[in-house]
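Before any comments, here is the structure.
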Number of protein chains: 2
Amino acid sequence: MSLTNATPLEVAQAARLGSRKLAVLSTSERNAALTAIHAALAAGKHSVLAANAQDLEAANKAAAGGTLSSSLVKRLDLGKAGKYEDMLQGILDVRDLDDPINKTTAKTLLDDDLVLSRVTCPIGVLLIIFEARPEVIANISALAIKSGNAAILKGGRESSGSFAAIAGIISKALETTAVPSGCLQLVQTHDAIADLLKQDTYIDLCIPRGGNKLVRYVKDTTTIPVLGHADGICSTYLCADYPADKATKIIFDAKTSYPAGCNSLEQLLVEESALNSTLPTVAEALLRKGVSLRCDPSSLSALKGKLDPRSAALVQEAGPEDFDTEFLDLILAIKTVANVEDAIEHINAHSSHHTDAILSTSESTAKTFLAAVDSSSVYWNTSTRMADGQRYGFGTEVGISTNKIHSRGPVGLEGLTIYKWVIIGDAHVSADYGAGGKQWKHQHLSVGEEESVARNAEEREVLRKFRASRGQ
Amino acid sequence: MSLTNATPLEVAQAARLGSRKLAVLSTSERNAALTAIHAALAAGKHSVLAANAQDLEAANKAAAGGTLSSSLVKRLDLGKAGKYEDMLQGILDVRDLDDPINKTTAKTLLDDDLVLSRVTCPIGVLLIIFEARPEVIANISALAIKSGNAAILKGGRESSGSFAAIAGIISKALETTAVPSGCLQLVQTHDAIADLLKQDTYIDLCIPRGGNKLVRYVKDTTTIPVLGHADGICSTYLCADYPADKATKIIFDAKTSYPAGCNSLEQLLVEESALNSTLPTVAEALLRKGVSLRCDPSSLSALKGKLDPRSAALVQEAGPEDFDTEFLDLILAIKTVANVEDAIEHINAHSSHHTDAILSTSESTAKTFLAAVDSSSVYWNTSTRMADGQRYGFGTEVGISTNKIHSRGPVGLEGLTIYKWVIIGDAHVSADYGAGGKQWKHQHLSVGEEESVARNAEEREVLRKFRASRGQ
């Protein structure tokens, strides 16, 4: 990791060079680097928190002056109880996951002694651009090294002190390991982004982690493939048959447990016949928590007169834009739909394809919904807030993807790998096959039986002799 | 399939709409559509070949006038012995492959009654832009329908008659099936490309099949993800320990069996100690076939005086540009390298990351090469010409990808799918987990045991009662 004045081109080239070496390190060499990073960050907690306190002080001033949002200040704070320890634990969690690379995931016998394998491997060089949240540097460094990828990390201005402190510690820790220092590159100058986004010869994948504006800027600017999501407009479809107490529990969690999260609920679709039964109960709970409800005409009239008058101001008429908005706040748009088909159509047209849920006791209705909704995560009877790499068991995540290619949903180690096709033969040539020639066998081999295929003349000879000795 | 005057926006919207319906059709409904297309194209062979003959006549005139390359004319010809039958067989091959969608590929128990599954699904709408080769329309229609994707096909000017004939037949065949007609859209006006490449709201993936110029234009023009390859600069590293007869057989196949193919050999790297032993034998065979050898100084002096004097003119000095060129012709660049590390470095710097091979009897040298070469296909002791969807057992392919994300190498059915994450719960909410709360189980379930997890209250009740009856 370097905190130099290198140009974006030099940074990208150094990362590429490092990536070539990192890609062929053993599992234990990569794991040892994570152990070293964990130990160094545990030992350096005081200095990181001191730097973070300075960042926080500057940010609080900026927030008081109105030039920074208070939610960003919140995300900056590494001193909150348990946050630093969670960051440390995340590194060990990632270390202890299965190695995602050098795994044979498919194997085909093309012909005798001619075997095709699909083997997972790192993507190469990742460019990760993020806003506040200094702990992301540790999470992403861990995911990158474990998956054999070099990473260029560009942090936000507000966390620059914390960032430099963490980076310095990681850099020193890596010196004692087999991971080349070029594999993690820290960039802090804001001007560098535009030039980094041009390095498509050296950078394989760009992951922007931040607000809609950042993500759209990156997508529109670069020819490097981009993984991530611009919006998190998540919906839940509430069926009339679903019990009001469970519906309330789920919708309350989805809307209020972390309104600024991309997996928070922004739209509630209510089956017409649930308007007078379940909806008022759900609405009461949300209103008590201070959630504004932006209602379509049918849901508005269903709620009118049924609620505590003190909440009346929070029940508002929805405009059409409310069904295309990521509120990131205690606001929920409510729309009435006739049935599951209407719900699916609305979601496929208005959702950001992040996470959408159905609450229903009917398996057939739920299955229709799960199959037809075109989103990266689709849930039955649970909260959209489940969309998270740690919750999915990935240790941590580099982001949540709404892409339709490569990785979708929370992206952990597996999402940071690709594969190569390996063929091992014995002077087999293509011209021997086809019309009038040899036939392909195309026999799928069990991946577990990796060692059952003789891979060279010597091994084949061993097999031949053994079989001969058995009279075969 | 429509041959209308619809605008590119309308074409893209219609495909998106069709894709929603196609995505939820059953395996047998999609397979039945392929059976119908196969039967209709078999019955319509005469009319297709008549249209193709007209295209061919116009193309031959253009080639004689110098406005069209003769290799393009060759690719246009559907009348060559066996070509039409191969196209028909390809449709049945794809139909008979396993259904790539709705497959659960991973399953995790997050908590009791809370199960996360990863389920494969179609990508959505594909835009495939191709040049000559009218049979591609049948291959790609088959791959698209089987994988549940809608496809917009934009064919080349030269094959417009064949294209219209095949499209008309497929269109009529689909009318009798459950596949909505909007799922296959045929576009022939050349002007449409630029506008189609803007439809990133409706099109999920663009696959250009054609020359370097087309692919670069597409990559530089669109914000839709692009799958494919611009160049096929394939290398083979010949080690001194590898027998000359096998080396000759492999290199001869790789260079001469189809020089215009993207998987043909363009660069031979020779281990220094093989210059005087193996190289002359290999060179003789290539020269007899008329291959020009562009040699670096060491290989040039090694070959001088050892070859049939009649071939002398074919042995030339290489310029630096020869090691970055896709010749697509009977030309081979030859470079001397000290060892496998040098070969890897040269390939990672100069190859187009398509397909590269090593010829060696040493397992450890070969494994070093296979692990470190960063290409979509890497081979040991076989010809680079093996890189092909049919040869890999995919039935056919939509193209060969040198991308570092999503699909790499020949892209068949699996490369046209993505997945969604499905969670089924019973009113589990996120706020219950974490510090001081419930713990995640993150227990990996066997994908085969899909039915072993109770999915709703009723099923859980059945299990509960059963266990109670056993005193558990």
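Here the structure is a predicted model, which means the values were calculated and not measured. All values below were derived from every heavy atom in this structure, side-chain atoms included, with hydrogens, water molecules and symmetry-related copies excluded. Throughout, protein chains are lettered first and strands after them, A, B, ... in sequence-line order, and every chain is numbered starting at 1.
At a 4.5 Å heavy-atom cutoff, the contact between A/Glu414 and chain B is made by side-chain atoms alone. Heavy-atom distances place no part of B/Val119 under 4.5 Å from chain A, backbone and side chain included. For A/Tyr242, the part sitting under 4.5 Å from any heavy atom of chain B is the side chain, from C-beta outward, and nothing else.
Side-chain N or O atoms of B/Arg385 include none that pairs as donor or acceptor with a backbone N or O of A/Ser430 at under 3.5 Å. A donor-acceptor pair under 3.5 Å is absent between the side-chain atoms of B/Lys420 and the main chain of A/Gly409, judged by distance alone. A/Tyr419 places a side-chain N or O within 3.5 Å of a backbone atom of B/Arg408 that can act as its donor or acceptor partner. At least one donor-acceptor pair under 3.5 Å links the side chain of A/His442 to the backbone N or O of B/Arg391. Of the possible donor and acceptor atoms, one in the side chain of A/Asp253 sits under 3.5 Å from a partner among the backbone N and O of B/Ala431. Formation of a donor-acceptor pair under 3.5 Å by the B/Lys404 side chain with backbone atoms of A/Pro122 is not found in this model. Under the 3.5 Å distance criterion, the side-chain polar atoms of A/Lys246 are left unmatched by any main-chain donor or acceptor of B/His428.
For A/Trp421 and B/Phe394, the ring centers are positioned less than 6.0 Å apart.
Between A/Met386 atom CE and B/Leu114 atom CG the span is 5.0 Å, to the nearest 0.5 Å. Atom OG1 in A/Thr382 sits 9.5 Å away from atom CG in B/Asp426 (nearest 0.5 Å).
Residues meeting the side-chain contact (heavy atoms from CB on, under 4.5 Å) test with B/Ala371, sequence neighbours left out: A/Val24.
Between A/Ile405 and B/Ile123 the shortest side-chain heavy-atom distance falls below 4.5 Å.
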